[in-house]
*Asks:* 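Sharing a structure, written as structure tokens. Questions coming.
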Number of protein chains: 2
Amino acid sequence: MKHLIKVMKALSDPGRLKILKALENRKLCVCELQEVMGLAQSTVSKHLKILEEAGLVHWEKEGPWVNYALDKTTDNPYAAEMLAKMKNWLEDDATVSEMRFLLPEIHRDRIRKSLPDRTTS
Amino acid sequence: MKHLIKVMKALSDPGRLKILKALENRKLCVCELQEVMGLAQSTVSKHLKILEEAGLVHWEKEGPWVNYALDKTTDNPYAAEMLAKMKNWLEDDATVSEMRFLLPEIHRDRIRKSLPDRTTS
DNA sequence: AATACATATTGCCATATGTCGATATGGAGG
DNA sequence: CCTCCATATCGACATATGGCAATATGTATT
């Protein structure tokens, strides 16, 4: 039961749903996800940790970046089933559509370096 | 998005999952669900309200009782999909199995009347 | 060693959530 | 009207959650 609860809680925040919908498109590093979410970097890290612990995402290091992706081989069967469901969900949602539109412009090389947390664009 | 969040939040509490698994077996009134959950009556009412607002359950009056049942004709498509999923979930869960075992003994006519809230059996 | 970059962690704060006891509400019966 | 029964609502409290700024951590470069 606790595995199911972990997944349900992970999916109970709009921001985290947005992350998952973004990761359906491509893997993204924290600083890119920060742009996607428009929140503080620490907040993004916290959200990612919740998603990881629920078995919904996993990460790998690439140079200075930590890339996150949907966890296609997750141990948590509930996570797997929900990720499959999510593929069809929110396809008409305005927030998701807008994010889909802006995603191609979001790339780590275009994000300004050494600035305080970017909470607004 | 807010409809999806409502369902995910509703499914994020172990007690509420237990309610849904119980209602897979038969409709139940609040006092019976109180026995199932082993919590205060007011807590049970609150949980049921959350489930109802998420479109997961609905109620009908029968004499002095309010019977709750899974909402098979829910407006919320996410609720419908999750109810279908839930049918296969937690079938091996200890809490659910125990509840299934005890459910036949739980009936409104066998519940003592006019007592303070029954928080422990 | 110092500096830079990316990210994880910590601590604080405001708000949400789950639990309880008390009380209000709705309805039936005498 | 009063009493009883079942349930919804309210208010208080402890804990969880989501956001932020500050800081720690890991790695690479000079």
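Just so we're on the same page: letters track the sequence lines, and every chain starts at 1.
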*Asks:* Taking atom C1' of C/dA8 as reference, at what distance in whole Å does atom CG of A/Asn67 sit?
*Replies:* 16 Å
*Asks:* Could you tell me whether A/Arg26 and A/Glu32 have a side-chain N and a carboxylate O separated by less than 4.0 Å?
*Replies:* yes
*Asks:* Compare side-chain N and O positions of A/Ser45 against OP1 and OP2 of C/dA8 and report whether any pair is under 4.0 Å apart.
*Replies:* yes
*Asks:* Should A/Glu60 and A/Lys27 count as an ion pair when the cut-off is N to O under 4.0 Å?
*Replies:* yes
*Asks:* Between A/His47 and D/dG19, is there a side-chain N or O to OP1/OP2 distance below 4.0 Å?
*Replies:* yes
*Asks:* Using a cutoff of under 3.5 Å, can you pull out all pairs of nitrogen or oxygen atoms linking the protein to nucleotides 10-16 of chain C, with atom names and distances?
*Replies:*
| unit_1 | atom_1 | unit_2 | atom_2 | d |
| --- | --- | --- | --- | --- |
| C/dG11 | O6 | A/Lys46 | NZ | 3.3 |

*Asks:* Tell me: CE of B/Met37 to P of C/dC20, nearest whole Å?
*Replies:* 9 Å
*Asks:* Mind calculating the distance between CD (A/Glu52) and P (C/dT7) to the nearest angstrom?
*Replies:* 14 Å
*Asks:* Check the angle between the aromatic planes of B/Tyr68 and B/Trp59 and answer parallel, tilted or perpendicular using the 30° and 60° thresholds.
*Replies:* tilted
*Asks:* In this structure, would A/Met99 and A/Leu48 fall into the same cluster of hydrophobic residues linked by side-chain contacts under 4.5 Å?
*Replies:* yes
*Asks:* I would like to know whether A/Arg100 and A/Glu91 meet salt bridge (Lys or Arg N to Asp or Glu O under 4.0 Å); could you show each step before the answer?
*Replies:* CA-CA 10 Å; A/Arg100 282 256 176 77; A/Glu91 290 299 294; 3.2 Å; yes
*Asks:* Can you give me the N/O atom pairs linking the protein to nucleotides 23-30 of chain D at distances under 3.5 Å, or say none if there are none?
*Replies:*
none

*Asks:* Atom CG of B/Leu11 to atom C1' of C/dT17: distance rounded to whole Å?
*Replies:* 15 Å
*Asks:* Just wondering, are more than 12 heavy atoms of other shown residues or ligands nearer than 6.0 Å to NE2 in A/His107?
*Replies:* yes
*Asks:* I need the NZ-P distance between B/Lys27 and D/dT7, as an integer number of Å.
*Replies:* 14 Å
*Asks:* Between C/dC20, D/dT7, C/dG18, which nucleotide has the shortest distance from any of its atoms to the side chain of B/Thr43?
*Replies:* C/dC20
*Asks:* Rounded to whole angstrom units, what separation is found between the CG atom of B/Leu48 and the C1' atom of D/dA6?
*Replies:* 13 Å
*Asks:* If you compare all heavy atoms of A/Ala22 against all heavy atoms of A/Leu103, which two are closest, and at what distance to 0.1 Å?
*Replies:* O-CD2, 3.9 Å
*Asks:* In whole Å, I'd like the distance from the CZ atom of B/Arg16 to the C1' atom of C/dT17.
*Replies:* 8 Å
*Asks:* Is B/Tyr68 close enough to D/dA8 that one of its side-chain N or O atoms is under 4.0 Å from OP1 or OP2 there?
*Replies:* yes
*Asks:* Measure CG/A/Leu33 against P/D/dG19 and give the value in whole Å, please.
*Replies:* 14 Å
*Asks:* A/Ala54 and A/Val7: which non-hydrogen atoms are nearest, and at how many Å?
*Replies:* O-CG2, 3.6 Å
*Asks:* Nearest heavy atom decides the nucleotide; on that basis, is A/Trp59 or B/Gly15 closer to the 5' end of DNA chain C?
*Replies:* A/Trp59
*Asks:* Is the closest basic N to carboxylate O distance between A/Glu35 and A/Arg110 below 4.0 Å?
*Replies:* no
